[in-house]
Amino acid sequence: MHNKIYSHICHMNIGSCFLSQGKLSFPASSNIRVPREVRIGCVSRRVKAVMRKKSGTSNNNPNKAQNAKAIVIVKRSGGGGLLTNLVRDGVEGIEELVGKTLTLELVSNELDSKTNLEKKTIKGDAHKTEEKEDEVYYEATFELPTEFGKVGAVLVENEHHNEMFLKSIVFDGFPDGPVHLTCDSWVQPKYDNPVKRVFFTDKSYLPSQTPSGLRRLREEELELLRGNGEGERKSSDRIYDYDVYNDLGDPDSNINLKRPVLGGSKQYPYPRRCRTGREHTDSDPSSEKRSLDFYVPRDETFSDVKQSQFTMSTISSGLSAILESLDAILTDQNLGFRSFEDIDTIYKEGFKLPPLKGNGLNFLQRTVPRLIEAANDSQNLLRFDTPETLKRDKFFWFSDEEFARETLAGVNPYSIQLVKEWPLRSKLESQIYGPPESAITREVIEPHILGYGTIEEAIKEKKLYMLDYHDLLLPYVSKVREIEGTTLYGSRTLFFLTKQGTLKPLAIELTRPPIDGKPQWKQVFTPASYSISHSTNLWLWRLAKAHVLAHDAGVHELINHWLRTHAVMEPFVIATNRQLSVMHPIYKLLHPHLTYTLAINSLAREILINGNGIIEKSFSPNKYSMELSSAAYDQLWRFDLQALPNDLIDRGIAVVDPNAPHGLKLTIEDYPFANDGLLIWDAIKQWITEYVNHYYPTPSIIESDQELQPWWTEIRTVGHGDKSEEPWWPNLKTPKDLIDTITTIAWTASAHHAAVNFTQYTYGGYFPNRPNIIRTKIPTEDPSKEEWETFLNNPEQTLLESFPSQIQATTMMLVFNILSYHSPDEEYIGQYLKPSWAEDPTIKASFERFNGRLKEIEGIIDSRNADCNMKNRHGVGVVPYEQMKPFSGPGITGKGIPYSVSI
């Protein structure tokens with residue numbers, strides 16, 4: 001089939017197709033999509049056609065100088081308006097006329113055999129030959145002496161006055177076939193940065209295998225990327241270095257916005273972020289000044305397509321504009337919803353947006369067009385899409401069954417754990433937090449664990465499960481309650497595994513530590529069907545569930561999402577660029593998993609996790625949100641437990657069983673996230689196993705790798721330096737060590753992040769299902785007579801008043817909508833063969849097996865979702881669990897696993 005397509009393309013007018021990021025593009029009227037080996041072949045034939053036209057024949061005589069042709073593809077920058085683009089194009093035209101262009105220098109793989117020095121480079125100017133909609137083609141010709149050897153790298157100088165995004169260089173005219181260099185990098189004008197950029201061919205080399213002519217360039221390129229740790233970074237820099245989280249606060253603007261430095265201390269341990277080098281604040285010498293631009297290395301910035309969806313300027317301005325609108329509409333920041341009908345109007349009628357400054361409305365329509373709709377009266381509406389869950393069942397959020405099911409198949413499937421001992425006890429200091437014994441007693445539980453006489457029997461049979469946020473949240477309760485408009489408890493929620501394989505809620509315990517001279521307060525709430533006073537307890541149970549759901553939402557966003565994917569991945573991105581050459585096979589394996597992570601994390605520091613930012617305003621812990629994240633990193637995070645099988649075992653959800661699929665037996669057989677996640681884990685691990693074993697057949701090669709060992713040391717001792725002495729860090733001595741380590745990194749960046757990110761709007765878009773904050777204490781905690789009577793007379797109003805305010809709810813709905821959205825250029829795991837992987841037939845074959853297995857997994861998941869016996873993923877009103885399906889189209893789809901933490 002590929003040969004037929006190839007033959008057809010090669011008879012087409014060669015100018016009608018061109019290569020764009022590994023995709024062959026045709027005129028807009030065409031919908032042709034072609035396999036990669038055919039796409040590359042088309043560009044190579046284009047080069048050969050030009051050479052034949054100008055030189056008549058190809059040069060295959062090894063005794064003669066070789067004539068080589070290079071085609072350079074440069075991506076047009078999408079920035080600037082009409083006038084800017086006209087000026088830019090005019091300047092570039094003048095530069096071309098006077099001979100200013102791209103200069104290429106070819107570097108030989110080999111040293112001179114006589115002098116043992118690097119061979120003289122072959123220099124040539126590349127001139128513009130063709131322009132497409134978003135690409136510019138340059139060509140250069142070279143005459144290489146016979147003794148030059150193979151081209152191993154190219155030095156590039158940008159003679160223009162603007163930076164250029166260099167996509168690729170392809171050489172042809174060599175006996176061994178075309179030479180490919182995938183660049184995908186910004187090249188600064190030589191007038192701004194006189195250092196020539198080096199780009200290596202797509203072939204992978206371990207450090208010890210580096211061709212002699214490239215060793216110096218390989219080492220020097222890494223030195224440039226590391227920088228010297230001094231000065232403030234410029235937006236054009238490509239320097240990767242570490243710093244602590246000292247830029248979350250803004251004490252110079254308001255001393256109340258001072259925030260603790262996260263990282264570098266025993267009190268607040270944290271992963272490191274990318275260093276920016278900004279000046280420190282006057283009010284707090286330990287804090288860094290905030291600025292309009294948050295530095296990320298130039299090649300880490302979003303693509304134009306990604307920018308249109310989610311970039312610093314776009315989304316921060318878009319959010320600001322919408323919040324400005326909402327502020328104008330919702331003049332009372334604490335105003336809640338008066339009824340559930342009022343909540344429904346968000347989806348049915350929306351908010352009429354008032355006039356915005358300048359072209360703000362048009363800007364919003366470009367930024368979030370799916371949320372801004374034109375009404376018949378020419379006014380504009382902010383109207384939210386109805387989440388899929390609400391479409392299927394308007395009252396889904398009321399259901400105890402759905403409450404329990406979402407712990408296994410919702411947006412936070414990482415918190416449910418097995419109850420392993422009884423009675424339940426806190427490990428916190430009783431002198432500070434009160435008696436450690438739980439108020440959940442056997443008298444509360446045993447009447448409702450059908451088929452088991454005692455709790456001990458149920459625990460032995462692995463039938464009791466729990467959401468345990470007691471010890472994590474209790475230390476913050478007193479501090480949080482000093483803030484107006486929020487509250488907090490420590491909580492435990494118990495579930496029973498029924499014979500049908502579903503979880504059934506048994507009890508919720510809310511705890512308040514001693515506060516303001518009052519002793520510890522705790523109370524257990526049970527589902528209304530267990531109680532005598534049905535109506536009152538029904539509403540108390542719903543209120544208790546709301547508190548637990550707010551706890552779960554906070555833990556999900558701050559820990560299982562932000563900390564365990566975004567924050568912990570940043571040191572891996574930095575170390576990989578500092579210690580592994582782009583030629584290194586492990587760099588090439590990891591790079592897709594690192595794309596855009598620094599950019600999205602920088603944006604988070606700018607508007608989401610900063611002092612008085614969206615997270616603080618919208619979640620229960622308020623200004624202590626990031627402190628809570630630091631505490632979780634200190635108490636809970638271990639690299640080895642980020643591997644899915646180890647995580648499941650640690651939570652008691654799985655036990656080792658060599659005879660079971662994946663080597664594990666799940667204690668909850670119908671656990672959609674675990675069932676599907678293990679398929680993905682195994683597929684990723686098999687791909688990485690074949691890849692690693694190909695380059696590292698023996699342990700000695702790993703131990704002697706002069707880039708790999710410093711990479712792993714730097715991750716442990718610098719990037720995660722606050723945990724450098726922990727005994728659980730794996731060694732890096734054998735192929736198995738490396739396979740396990742890389743698989744864990746790849747899983748974290750891809751499937752873990754996908755599991756906790758892309759259904760945020762599905763489950764949080766209707767906020768009563770997952771309120772991000774509860775603003776009032778539960779009525780039974782030290783109520784006044786008036787408070788209690790108000791609850792009894794109108795319990796629904798009490799629930800509504802506890803929910804997020806209108807501004808808090810709509811802000812987070814907007815954020816969830818954006819975070820859940822796949823951009824059109826999203827790249828999913830195993831979707832496309834990378835050029836460097838295609839260079840090696842063994843790796844190419846391994847990738848094709850990986851791709852095939854992922855397609856099989858999609859079919860398996862579809863079959864599971866059609867199985868009526870799998871109650872946790874199938875049923876009336878149930879959204880099928882598809883988050884571990886590898887591939888997706890654009891939009892909010894609830895499926896798809898991108899390579900990286902890119903949103």
Side-chain angles (χ1 to χ4, degrees), residues 44 47-48 50-51 54-55 57-72 99 101-127 138-159 166 168-183 185 187 190 193-225 580-585 587-588 706-707 835-836 839-840:
S44 296
V47 176
K48 290 177 180 177
V50 173
M51 289 192 66
K54 294 191 176 183
S55 61
T57 59
S58 60
N59 188 352
N60 293 318
N61 188 341
N63 296 319
K64 293 183 179 180
Q66 293 180 333
N67 292 317
K69 173 74 67 176
I71 288 188
V72 183
T101 178
L102 280 175
T103 301
L104 309 182
E105 291 183 48
L106 278 54
V107 180
S108 175
N109 260 353
E110 308 159 5
L111 294 178
D112 189 298
S113 59
K114 296 178 181 178
T115 64
N116 206 33
L117 299 175
E118 293 177 4
K119 294 179 179 178
K120 184 179 179 181
T121 59
I122 307 297
K123 192 171 183 179
D125 292 328
H127 296 279
Y138 290 78
E139 291 183 5
T141 57
F142 301 87
E143 186 172 303
L144 282 68
T146 54
E147 65 273 13
F148 185 79
K150 294 183 178 180
V151 174
V154 176
L155 302 177
V156 177
E157 275 188 309
N158 177 8
E159 301 273 0
L166 190 59
S168 64
I169 305 172
V170 180
F171 289 94
D172 215 332
F174 301 116
D176 296 334
V179 175
H180 298 275
L181 294 84
T182 303
C183 306
S185 180
V187 180
K190 75 173 186 179
N193 188 343
V195 178
K196 298 174 183 177
R197 287 294 309 278
V198 59
F199 295 98
F200 300 99
T201 63
D202 287 346
K203 185 173 174 58
S204 299
Y205 295 100
L206 294 173
S208 61
Q209 300 167 343
T210 309
S212 58
L214 306 179
R215 288 173 187 163
R216 178 185 61 85
L217 290 174
R218 179 172 184 153
E219 294 171 4
E220 288 181 355
E221 175 71 358
L222 284 174
E223 290 175 4
L224 288 172
L225 292 169
L580 298 182
S581 165
V582 294
M583 306 170 75
H584 200 294
Y587 175 94
K588 294 179 185 293
Q706 297 174 352
E707 291 177 2
S836 61
E839 289 283 319
D840 189 307

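By convention here, the first residue in the shown sequence is residue 1.
The neighbour count for Glu220 CD, taken as heavy atoms of other residues, nucleotides or ligands under 6.0 Å away, is above 12.
Looking at heavy atoms from C-beta onward, Phe171 lies out of side-chain contact with Leu144 at the 4.5 angstrom threshold. Using a 4.5 Å cut-off on side-chain heavy atoms (C-beta onward), Ser185 and Leu166 make no contact. No side-chain heavy atom of Thr141 sits less than 4.5 Å from a side-chain heavy atom of Asn67. Glu110 places none of its side-chain heavy atoms less than 4.5 Å from the side chain of Glu147. Side-chain contact check for Leu111 versus Lys119: every heavy-atom pair is 4.5 Å or farther apart.
Atom NZ of Lys123 sits about 12.5 Å away from atom CG of Leu106, to the nearest 0.5 Å. The distance from atom OG of Ser581 to atom NZ of Lys588, rounded to the nearest 0.5 Å, is 7.5 Å. The CG atom of Asp125 sits 12.0 Å away from the OH atom of Tyr138 when rounded to the nearest 0.5 Å. To the nearest 0.5 angstrom, Thr201 atom OG1 is 11.0 Å from Ile169 atom CD1. Within the model, atoms CD of Glu221 and CZ of Arg216 stand 11.5 Å from one another, a figure rounded to the nearest 0.5 Å. Once rounded to the nearest 0.5 Å, the distance linking CG of Leu155 with CG of Leu217 reads 6.0 Å.
Residue Val198 comes nearest to Ala153 through the heavy atom pair CG2-CB, 4.1 Å, listed as atom of the first residue, atom of the second, then distance. Contact between Leu206 and Arg218 at its shortest, heavy atoms only, is O-NH1, 3.5 Å. The shortest heavy-atom contact between Gly213 and Val107 is O-CG1, 4.0 Å. Heavy atoms only, all atoms of each residue included: Leu214 and Ser108 are closest at CD2-O, 3.9 Å. Nearest heavy-atom pair, Phe174 versus Val179, reported as atom, atom and distance to 0.1 Å: CD1-CG2, 3.8 Å. Summarising the geometry of Asp176 relative to Lys150, their closest heavy-atom pair is OD2-CE, 3.3 Å, with the distance given to 0.1 Å.
If you run side chain to side chain contact (heavy atoms under 4.5 Å, CB included) between Phe199 and each of Val187, Leu104, Thr182, only Val187 comes through.
Proximity of a side-chain donor or acceptor of Glu707 to a complementary backbone N or O of Pro207 within less than 3.5 Å is not detected.
Salt bridge status for Lys190 with Glu159: present, with a side-chain N to carboxylate O gap under 4.0 Å.
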- [ ] For the pair Asn109 and Tyr205, evaluate side chain to side chain contact (heavy atoms under 4.5 Å, CB included) and give the outcome as yes or no after the intermediate values.
- [x] CA-CA 12 Å; Asn109 260 353; Tyr205 295 100; 3.9 Å; yes

